[in-house]
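Presented below is the structure to which this report refers.
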Amino acid sequence: ELRPLPSFGAEVLNFNVTELARMRLFGTESEQTEAQRIGQQMRETLHRERLLALRGQGEITWQHQLVFTELLGKTFNESKHNNRKKHPAIPNDHISVFSNDPAKGLTSVGVEGWHVDGNVVSSPHAATLIHAVAAVPDGDTFFAPLREAVQELRSRGLLRGQCTERAPPCANSNNGWVNSGVPPLDDLVFRSGTNGDVQHPLIYPHPSTGEDTMLVALGSLSGRYSRGCLAPALPTFREVDDNETERVLDVVHDAIMKTNRVLRWRWAPGDLLIPDNLAVAHHASSSTQQAPEEVGLRLMRRTTVTNERTPKKRPILHSLPHECVAEVLFDSEGSSGGKKHHHHCMFSLASLMDYQPGKFDSTETARQHCRILSPLADLAMPTTPMRNTAAGHVVSSVGLPHWLGGVNEQGVHVVWYDGKSASTSWGLDGRLPWHEPSGQPNDCDGPGSEQCMFMGPDAKWFDFACQPKVPLSNGTKKVTAGPEITWEDGVRHEYNIYPLCSLDFYDNEAVQLGLRMS
């Protein structure tokens, strides 16, 4: 049960962290599975709400906090932060303890300015869990949503492109930036103030939602920015001077405050706050550092979830292998009952994936990769023969299998991610383009073992497990992580599966962008 918070985010009601952790540790097999399901549901809720608050949890033991964190994802080893030493009061490398008493925990942490956690390591953390063991008056923490801050910066002419959560190029993309003494922020590279090797795009799409966000670390946490891409050997790359960097920090801070969405959290013992660390910046008030003999003890325990994906800028659309088909939508709800022309375009992300043999992403993670193009992008659904032909052209040009946005639970029947049946567009008597020579769909590891699907050679469909398989070879049976296919060149070997993503364009925009048509 959720209750909206005043600025953004939501309070989680009737939820006990300790009970869930105990269920995961000591419950029956079905209870442990249920705990994992609840953790998955909470991850999805966190991406949607961006901040979750759980009041009145009592004192969660550090062991239970770790177990709960692991339900949200892989816990990060906090000892990898090179900007502070491990405190002797810290019981585990995956725990950080902050306090106003130097004997109880690390002091003066989080007060440097607006920041996201993990700005000194290779990837900022996916989520942060902050538990108040003991709180002090006015020892507040401020939280701010970053999507709205990027929107504010764009509205002020501080971004080069007018792409609103859409991969460039886009219409009128050259006249977004107004030269006000600040370089275009979507062309800047953040550099950590304490680890110069850490560099990321300042503005980038959230890896799970596709929404615009920022790598924020103000004050002493920020080093001197760079302008260009993340390739210093290229002539477009140059370091921004100290004055320009200060101006950038000032406008970012100003944009955060002008969103009017800043949430001030007044801590009480037992509170647990979980910000989506890639979507929310925060900072602690200076009052958190008042002497314990004056205000009492402040003791905050933090765990973080590892982010497996380094921040990346949105790719240039026409640089990706792609093809578009022209379609007409009939506006059945409009008063005029008119037509709406659009283009449905499909893009291969194979060139963006750094897969090792047998190591590739599940369909769910592939869907998230699609959102680097736009929050509205998803795995391609070839719902018509025309779409399927265009998708086949893209897949054949790359020469690699690609996930499709459909589910094959039984027989040859397919349900697309939008809930529609494949037979709706292909005709009840139409034959779906399954790869017949290999007997597709074949559930080769037993009934129901291969409910997801990919496109292989000649625009044909194959069923497969929804993630890489566990390799097996025992003399009588061989299972490979990826599918073994004979491709159009007649060569058969094991393949990884890559994201094939789709995105719709309206008002002739796809033509204006120079995207290739069928």
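Note that the numbering runs from 1 along the sequence shown for the chain.
- Within a 6.0 Å radius of NZ in K104, no more than 12 heavy atoms belonging to other residues, nucleotides or ligands are found.
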Between Q65 and T303, does a side chain to side chain donor-acceptor pair (under 3.5 Å) hold up when you go through it step by step?
-> CA-CA 8 Å; Q65 184 171 340; T303 49; 3.2 Å; yes
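- For the pair W114 (side chain) and I256 (backbone), a donor-acceptor distance under 3.5 Å is absent.
- A salt bridge links E148 with R50: the distance from a Lys NZ or Arg NE/NH1/NH2 to an Asp or Glu carboxylate oxygen falls below 4.0 Å.
- A salt bridge is defined here as a Lys NZ or Arg NE, NH1 or NH2 lying under 4.0 Å from an Asp or Glu carboxylate O, and D212 with R147 fails to meet this definition.
- In this pair, H206 and H47 present their aromatic rings perpendicular. The plane angle is above 60°, beyond the 30 to 60° band.
- More than 12 heavy atoms of other residues, nucleotides or ligands sit less than 6.0 Å from atom CD of Q63.
- Figure legend: cation-pi geometry between R24 and F68 absent, as NZ or CZ is not positioned both under 6.0 Å from the six-membered ring centre and within 45° of its axis.
- Looking only at atom types and distance, the side chain of W434 has no donor-acceptor partner in the side chain of N408 under 3.5 Å away.
- For the pair H200 (side chain) and S122 (backbone), a donor-acceptor distance under 3.5 Å is present.
- Under the side chain to side chain contact (heavy atoms under 4.5 Å, CB included) test applied with L500, the options V398, V395, L379 reduce to a single match, V395.
- A donor-acceptor pair is defined here as one N or O able to donate and one able to accept, closer than 3.5 Å; no such pair exists between the side chain of E112 and the backbone of S220.
- Side chains of D361 and W403: no donor on one and acceptor on the other come within 3.5 Å.
- By the 4.0 Å N-to-carboxylate-O rule, D93 lies close enough to K86 to be salt-bridged with it.
- Taking the six-membered ring wherever Trp is involved, the centroid distance between the rings of H402 and F454 does not fall below 6.0 Å.
- Side chain of E44 to backbone of G39: no donor-acceptor contact under 3.5 angstrom is found.
- For the pair E19 and R22, the salt-bridge criterion is not met [side-chain N within less than 4.0 Å of a carboxylate O].
- In this pair, F76 and H125 present their aromatic rings tilted. The plane angle is within the 30 to 60° band.
- Formation of a donor-acceptor pair under 3.5 Å by the R314 side chain with backbone atoms of G210 is found in this model.
- Side-chain atoms of S96 and E78 form a donor-acceptor pair, as typed in the model, at a separation below 3.5 Å.
- Ring pair Y495/W487 is tilted by interplanar angle, where 30° to 60° counts as tilted.
- Inter-residue side-chain proximity for L54 and D271 is flagged as unmet; no heavy-atom pair is nearer than 4.5 Å.
- Evaluated for a side chain to side chain contact (heavy atoms under 4.5 Å, CB included) with H115, the options L221, L215, V120 yield exactly one hit, L221.
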T141 vs W267, side chain to side chain donor-acceptor pair (under 3.5 Å): CA-CA, chis, key distance, verdict = CA-CA 8 Å; T141 302; W267 291 98; 2.9 Å; yes
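- Using a 3.5 Å distance cut-off with no hydrogens or angles, the side chains of Q289 and N100 do not pair a donor with an acceptor.
- Between R309 and Q368, the side chains place a donor N or O and an acceptor N or O closer than 3.5 Å (distance only, hydrogens not considered).
- Side chain of R261 to backbone of S7: a donor-acceptor contact under 3.5 angstrom is found.
- In this pair, F464 and F360 present their aromatic rings tilted. The plane angle is within the 30 to 60° band.
- Put simply, the side chain of D276 never gets that close to the backbone of A127: no donor and acceptor are under 3.5 Å apart.
- Using a 3.5 Å distance cut-off with no hydrogens or angles, the side chains of D117 and T304 do not pair a donor with an acceptor.
- Panel note: side chain H131, backbone I60; a donor-acceptor pair is recorded below 3.5 Å.
- Judged by distance alone, the side chain of N496 and the main-chain N or O of Q356 form a donor-acceptor pair under 3.5 Å.
- For the pair E11 and R3, the salt-bridge criterion is met [side-chain N within less than 4.0 Å of a carboxylate O].
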Residues R371, E165; criterion salt bridge (Lys or Arg N to Asp or Glu O under 4.0 Å); working and verdict | CA-CA 9 Å; R371 293 169 197 150; E165 295 181 337; over 6 Å; no
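- Other residues, nucleotides and ligands contribute more than 12 heavy atoms inside 6.0 Å of the CD atom of E293.
- In this structure, a donor-acceptor pair under 3.5 Å is absent between the side chains of E364 and S362.
- Using modelled atom types and a 3.5 Å distance limit, the side chains of E152 and T259 yield no donor-acceptor pair.
- Side-chain N/O atoms of T69 and T75 include no donor and acceptor closer than 3.5 Å.
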How far apart are the C-alpha atoms of D101 and S99, what are their side-chain angles, what is the distance that settles it, and do they pass the side chain to side chain donor-acceptor pair (under 3.5 Å) test?
-> CA-CA 5 Å; D101 183 346; S99 181; 5.6 Å; no
